[in-house]
Amino acid sequence: MSKQFNPISIPKYLQSPLLSATSAKDLNSPSLKPLDEFPIVKPAELELLKCSPLLDKQINQVIGNQDALDTSDFKLNEYFNRIFPNADSLGHVETVLENLKQHQSSLDDKIVELVRDQTNASQESQKKIDTVNKSIQDLVSKIRVIKQQASRSEDMIREITNDIKQLDHTKKNLQASISILKRTSIVGNAIDNLKLYSQQKQYEECAEVLLLTKTIIGPLKDYRNVKQIAYLLDAFQHFQLETKKSIMRDFESSLNSKAQASLLHDSCLLLELMEIDAKSELVNWFIDLTLKDYFALFRQNPEVAGLGDVSRRYSWLKRSLKTFDESFTQFFPEHWKIAELLTERFCIETKKDLDKELQRDEAENKFDTKTMLACLEITREFEAKVNLRFNPPVLLQGAVDPEFIPKDSKFYKIISTIFEPYLWHYVDMEDAVLSNKMEGYVQDQSENEEDGVLSSSVDLFIFYRQTLSNCLKLSNQKPFLDLIKMYQKWLDQYKQILLTKLPKEQKQTNDLELHQTCVIINTLDYCAQTTGQLEERVMEMIDKGFTSLVSFQTEIDGFVNAAATGLQCLVRLFETMLEPCLINMTKRPWGTISSVGDQSEYITQIAQQLKPSILLVRKLFSGGKFFRTFCDKFTESFTAKFHQNIFKCKPLSETGAEQMLLDMHSLKNVLTDMSILGDEEKKQPSSTFLKILNKSISKIEQLLKVVLRPQDPAEALVETYNLLYSDYDLQMFTKILELKGIKRIEMQHIIEVFQQRMPANAVQPTIEKPTFKFMKRV
């Protein structure tokens, strides 16, 4: 019989972490606080430290604790069940209770010991904190004392450095004063020596002293407020002015005396060293003196001042430079480049004179374009020669163009730019020349040919290349752009002239018209290609600032479109040539043919007519590009015309339709052979051509297949039409019925069936006039 057990009470030490009992000895210890100072925390108020199971496990391993009571996940029921697994084990309850009490007592002792140690540690820590705070206060006091001492040391050092700085400034001022005094003494002596050398005309020695004096006197200019220094500076300036005047008098009196050449040459070196602009004054004086005769000859004598006498101006300079080289070179230093400066001044003055002449001629309507162009050409040659003399090119590889002038040269278009505003006269002159050429092209009905193109086109572009080269020598800016626009105008005009030469519509076609049309097409293609090359050439020649304004694309497109028009004209000529064959086709009694035989006679005539003409066209279209395009366009156009011609062959019986289908097969072979006729390589027709041919023949075949269908039953005829056409076009269906030769009364029933099969959303084209009376009712 099972025994009932009362619940076992939980030990006191499990309910609170605080002490549950203490020995009297421990309570009387002076180092412990009374127990009433430690409040008892109830289990519900106790906040336990919870750790993860893994952390608890690691702590237990470190501590080495194997007691289940010390685990964080302690479960009371499981613990009791493990101690008392059955009823028989309850006999050891007293022993277990005694062990638990001993364990509790041991834990209480340990807790008391830990509390005592903690209390002692807190008191010692407080003592240490007090000791540290006192040490910090002592340290702060020492730092404050050190800071005060450092401040006093800084003040002392500042006083010492101020004295040193004052002494240093004093030293510098003394050194500067001594230096200025020395410079003042040297400059005073130098000025005396300069005056002495100048009076004795010892210009070489004077130049050496002057160079030294300029180096020394530079720093003295900052002390001009000092009276003595200002006096020396004024004396030095006065010496330069007086010496310059003396040298100028020497040049005026002794310029033509070769005995004085060395003296005057040394005086030039002295003038070059002077601070005043003495060198420029001497150079300008000499240039003015040299050009005095030039002004007297050409500005005061209108008879030789015109554009036609510009070569005389350049000849005068040539003689003057020769005279300078022979007589005056030794008077001036070589690096002064007196001859180059003289030439530059001559060009500037000549440019002014020519500008006045151009303005006067234009205002008085006496402007002569040819004279202006001749003057410009002479001027450009002069500029090139002048540049070649003063800026000789460095020969690295090959020869140098003597007319080439670098843009960074001072002589680049130094005179010729004055002609640019008047070059529109040149453009007008070329425009008049082209106008005369175009009139000749219009009147010439039997032009010569060159390689399958009209000779006029070759002549036109040769003229363009020549005028471009000529204009480039004159200018590559605004006048060059105006010339290009003039070209574009006449290119369009030439295209219109070529179009007017295409054969007009006639009843017959001959080989001469075919030949002329092919040549015109070749010419238009040549013009399109050459115009593209012309554009590339122009882009290379014109100034970079004008390239965005140049485009020949409109002209190129115009020639391409005109060539397409020429191809259409050629197709029309072939259709006119084959018109009699189509007429013979309509004259055949298609409604009474009893049996199907070989190809009809009109197909044979088409083949015979095409062969010689196609050979002629292929020969003229040597490139092959236009021949392929022609075959495509002719096949598309002729088969469409053939399709329309079938409706003129009414009535067309079923047998006649079969014969016509056979003819279509023969016509397809004829057109296929046409595309490779005369081809030495015997290539296959192009895919584009075959696509056009098959599409066109299929359209004719579907018409003939509808005609082949008997009219009875009507439903089968309507079904065949809808299957082949799928357009529900009543007008087209009616035309096919008329082609079959169906009577009007019989046609009514077939049309009713057609309308019954017609979808509700089918759109019908407007029929202007009904073919029959009953169509009104329909």
Side-chain angles (χ1 to χ4, degrees), residues 369 372-373 376-385 387-388 391 393-431 433-434 437 450-451 453 456-495 523-560 563:
T369 305
M372 185 266 293
L373 293 176
L376 178 56
E377 183 177 0
I378 295 172
T379 300
R380 287 182 59 84
E381 292 177 356
F382 165 76
E383 291 171 343
K385 291 179 181 179
N387 178 76
L388 192 62
N391 301 299
V394 179
L395 297 176
L396 298 178
Q397 291 181 353
V400 177
D401 184 4
E403 296 185 0
F404 174 74
I405 306 177
K407 290 187 177 181
D408 56 349
S409 172
K410 65 171 64 177
F411 296 106
Y412 176 74
K413 292 187 176 182
I414 188 171
I415 301 177
S416 57
T417 52
I418 197 61
F419 294 94
E420 288 199 7
Y422 305 94
L423 286 178
W424 64 268
H425 293 282
Y426 165 72
V427 178
D428 286 353
M429 183 181 71
E430 299 294 356
D431 185 69
V433 174
L434 280 174
K437 280 182 174 292
E450 296 183 16
D451 297 330
V453 299
S456 59
S457 62
V458 180
D459 175 67
L460 178 64
F461 283 100
I462 289 177
F463 176 79
Y464 276 7
R465 284 194 291 268
Q466 291 175 348
T467 51
L468 277 177
S469 300
N470 294 335
C471 188
L472 182 63
K473 295 179 181 179
L474 307 178
S475 173
N476 68 338
Q477 297 182 350
K478 182 63 169 55
F480 196 84
L481 180 64
D482 294 340
L483 185 69
I484 293 170
K485 293 185 180 298
M486 185 265 292
Y487 284 173
Q488 294 172 333
K489 178 186 72 173
W490 288 113
L491 284 174
D492 184 70
Q493 183 67 27
Y494 184 68
K495 177 194 68 179
T523 304
L524 289 167
D525 179 61
Y526 167 78
C527 291
Q529 296 181 10
T530 311
T531 302
Q533 298 171 3
L534 178 66
E535 181 179 12
E536 295 177 0
R537 178 62 176 160
V538 165
M539 288 296 188
E540 295 174 357
M541 300 168 70
I542 198 169
D543 187 85
K544 299 303 181 184
F546 295 88
T547 53
S548 60
L549 303 177
V550 177
S551 175
F552 283 86
Q553 192 59 46
T554 303
E555 289 69 29
I556 294 173
D557 294 342
F559 283 119
V560 172

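A quick note: this is a predicted structure, and the numbers were derived from the prediction, not measured.
Atoms CZ and CD, from Phe419 and Glu377 in turn, are 11.5 Å apart once rounded to the nearest 0.5 Å. Atom NZ in Lys473 sits 8.5 Å away from atom CD in Glu381 (nearest 0.5 Å). Separating the OH atom in Tyr426 from the CG atom in Leu373 is a distance of 7.0 Å, to the nearest 0.5 Å. Atoms CG and CD1, on Leu376 and Ile415 in that order, are 11.0 Å from each other to the nearest 0.5 Å. Note that CG of Leu423 is 6.0 Å distant from OG of Ser475, once rounded to the nearest 0.5 Å. If you take CZ on Phe552 and CG on Asp557, they are separated by 13.5 Å, rounding to the nearest 0.5 Å.
Salt-bridge formation is detected for the pair Asp492/Lys495: a Lys NZ or Arg NE/NH1/NH2 atom is positioned less than 4.0 Å from an Asp or Glu carboxylate oxygen.
Looking at Lys485 and Leu481, their side chains come closer than 4.5 Å, going by heavy atoms from C-beta outward. For the pair Glu420 and Gln477, the minimum side-chain heavy-atom distance is below 4.5 Å. Looking at Leu474 and Phe480, their side chains never come closer than 4.5 Å, going by heavy atoms from C-beta outward. Contact of the Lys410 side chain with the Ile414 side chain is not registered, since no non-hydrogen atoms from C-beta on lie closer than 4.5 Å. Under the 4.5 Å side-chain criterion, counting only non-hydrogen atoms from C-beta, Asn391 is in contact with Phe411. When side chains are defined from C-beta on, Leu468 does not count as touching Phe463, because their heavy atoms never get closer than 4.5 Å. At least one side-chain heavy atom of Trp490 sits under 4.5 Å from a side-chain heavy atom of Tyr464. Looking only at side-chain heavy atoms (C-beta outward), Leu460 and Leu491 come within less than 4.5 Å of each other.
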(message) With side chain to side chain contact (heavy atoms under 4.5 Å, CB included) as the criterion, how do Asn476 and Met541 come out once you've worked through the C-alpha distance, each side chain's angles and the decisive distance to 0.1 Å?
(response) CA-CA 7 Å; Asn476 68 338; Met541 300 168 70; 6.0 Å; no
(request) Under the side chain to side chain contact (heavy atoms under 4.5 Å, CB included) rule, what do Tyr526 and Phe559 come out as? Steps first, then yes or no, please. (result) CA-CA 9 Å; Tyr526 167 78; Phe559 283 119; over 6 Å; no
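Between Asp431 and Lys489, the shortest heavy-atom distance links the atoms OD1-NZ, 2.8 Å. Nearest heavy-atom pair across Ala528 and Val560 is CB-CG2, 4.2 Å. Closest non-hydrogen pair, Thr523 versus Val453, comes out as OG1-CA, 3.5 Å. Looking at every heavy atom in both residues, Ser551 comes nearest to Gln488 through O-NE2, 2.7 Å. In this structure, Cys471 and Leu483 approach most closely via the heavy-atom pair CB-CD2, 3.6 Å.
For residues 528-545, the set of pairs meeting the side chain to side chain donor-acceptor pair (under 3.5 Å) definition, not counting sequence neighbours, comprises Asp525-Gln529.
For the residue pair Ser456/Tyr494, the side-chain donor-acceptor check at 3.5 Å is satisfied.
Lys478 forms no cation-pi arrangement with Phe546, by the criterion of a distance under 6.0 Å to the ring centre and an angle within 45° of the ring axis.
The side chain to side chain donor-acceptor pair (under 3.5 Å) check on Ser416 picks up Glu383, with sequence neighbours excluded. Taking Lys413 as the reference, nothing meets the side chain to side chain donor-acceptor pair (under 3.5 Å) condition, with sequence neighbours excluded.
Among Ile542, Val427, Leu534, the single residue meeting the side-chain contact (heavy atoms from CB on, under 4.5 Å) criterion with Ile484 is Ile542.
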